[in-house]
Amino acid sequence: MDTVTNYINNLFGADDVVVRRYNGNYNLDLENIGGLATAIYDNIESYTFNDQLSNFTETYCSKFVWQAYYLASGIDPLGKGYDYYDEVTFILPDEFMKSGNFRTIKTYNR
């Protein structure tokens, strides 16, 4: 397992890493979300943009995070009404930054 410091030092072109946490009114099981994230990660075949939220083999960072939250809770963590079976939906990193459902808990400066 990598450390946050090593991860940040290995990023190219990034200025800061911002850690955001869901602050919705749902009692989320964070261990379940982490377990689902691990299971999804183990099924990734390629890191590519795929617009099907139910596709685990072709995924990218923000979709991967959305999938873990959604599958653990059954709710769209962004509050936009996205559904697991939606197609032609891209989850963009900026959506997590702009969402009122998440708050910044830590910023790591490079």
Side-chain angles (χ1 to χ4, degrees):
M1 175 108 1
D2 205 355
T3 66
V4 172
T5 301
N6 286 341
Y7 177 78
I8 292 168
N9 289 336
N10 288 318
L11 290 176
F12 297 101
D15 293 325
D16 299 325
V17 172
V18 179
V19 178
R20 309 264 294 162
R21 181 171 290 155
Y22 186 74
N23 65 0
N25 294 326
Y26 299 94
N27 186 13
L28 295 178
D29 180 350
L30 298 179
E31 286 188 32
N32 191 26
I33 292 171
L36 285 166
T38 300
I40 294 167
Y41 180 81
D42 290 343
N43 284 291
I44 296 172
E45 294 175 4
S46 65
Y47 187 85
T48 186
F49 287 101
N50 178 292
D51 60 1
Q52 296 175 335
L53 296 178
S54 61
N55 184 319
F56 297 115
T57 59
E58 298 173 337
T59 196
Y60 52 95
C61 60
S62 47
K63 175 182 159 187
F64 168 75
V65 171
W66 184 93
Q67 287 171 323
Y69 272 95
Y70 184 85
L71 292 175
S73 67
I75 60 161
D76 171 12
L78 297 173
K80 293 189 168 195
Y82 295 147
D83 184 83
Y84 177 72
Y85 296 104
D86 284 348
E87 295 184 14
V88 192
T89 301
F90 289 101
I91 306 294
L92 304 176
D94 198 40
E95 291 181 81
F96 286 96
M97 293 302 294
K98 292 179 178 177
S99 173
N101 290 344
F102 288 82
R103 69 184 184 283
T104 298
I105 60 167
K106 179 77 175 171
T107 300
Y108 296 91
N109 299 38
R110 283 184 46 104

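Remember, predicted model here, so these are calculated numbers, not experimental data.
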Is there a path of hydrophobic side-chain contacts, each under 4.5 Å between heavy atoms of I, L, V, M, F, W or Y residues, that connects L92 with V18?
no
Please list every donor-acceptor pair under 3.5 Å in which a side-chain atom of residues 59-69 meets a protein atom from a residue at least two apart or in another chain.
{"from": "Y60", "atom 1": "OH", "to": "I91", "atom 2": "N", "distance (Å)": "2.9"}
{"from": "S62", "atom 1": "OG", "to": "I91", "atom 2": "O", "distance (Å)": "2.4"}
{"from": "K63", "atom 1": "NZ", "to": "N50", "atom 2": "O", "distance (Å)": "3.4"}
{"from": "K63", "atom 1": "NZ", "to": "Q52", "atom 2": "O", "distance (Å)": "2.9"}
{"from": "K63", "atom 1": "NZ", "to": "N55", "atom 2": "O", "distance (Å)": "3.0"}
{"from": "K63", "atom 1": "NZ", "to": "E58", "atom 2": "O", "distance (Å)": "3.0"}
{"from": "W66", "atom 1": "NE1", "to": "D76", "atom 2": "OD1", "distance (Å)": "2.7"}
{"from": "Q67", "atom 1": "NE2", "to": "L53", "atom 2": "O", "distance (Å)": "2.8"}
{"from": "Q67", "atom 1": "NE2", "to": "N55", "atom 2": "O", "distance (Å)": "3.0"}

Counting only heavy atoms from other residues, nucleotides and ligands, does the tally under 6.0 Å from OH of Y41 exceed 12?
no
More than 12 foreign heavy atoms under 6.0 Å from CZ of R103: is that the case here?
yes
Where the side chain of R20 meets the backbone of F102, is there a donor-acceptor pair that is under 3.5 Å apart?
yes
Please state whether the rings of Y84 and F56 are parallel, tilted or perpendicular, taking 30° and 60° as the class boundaries.
tilted
Nearest 0.5 Å please: distance from the OG1 atom of T57 over to the CD1 atom of I44.
9.5 Å
Would you say Y82 and M97 are hydrophobically clustered, going by side-chain heavy atoms of ILVMFWY under 4.5 Å?
no
Please name the pair of heavy atoms, one in L36 and one in L71, separated by the smallest distance, quoted to 0.1 Å.
CD1-C, 3.6 Å
Candidate list L78, I33, I75, test side chain to side chain contact (heavy atoms under 4.5 Å, CB included), partner Y22, passing option:
I75
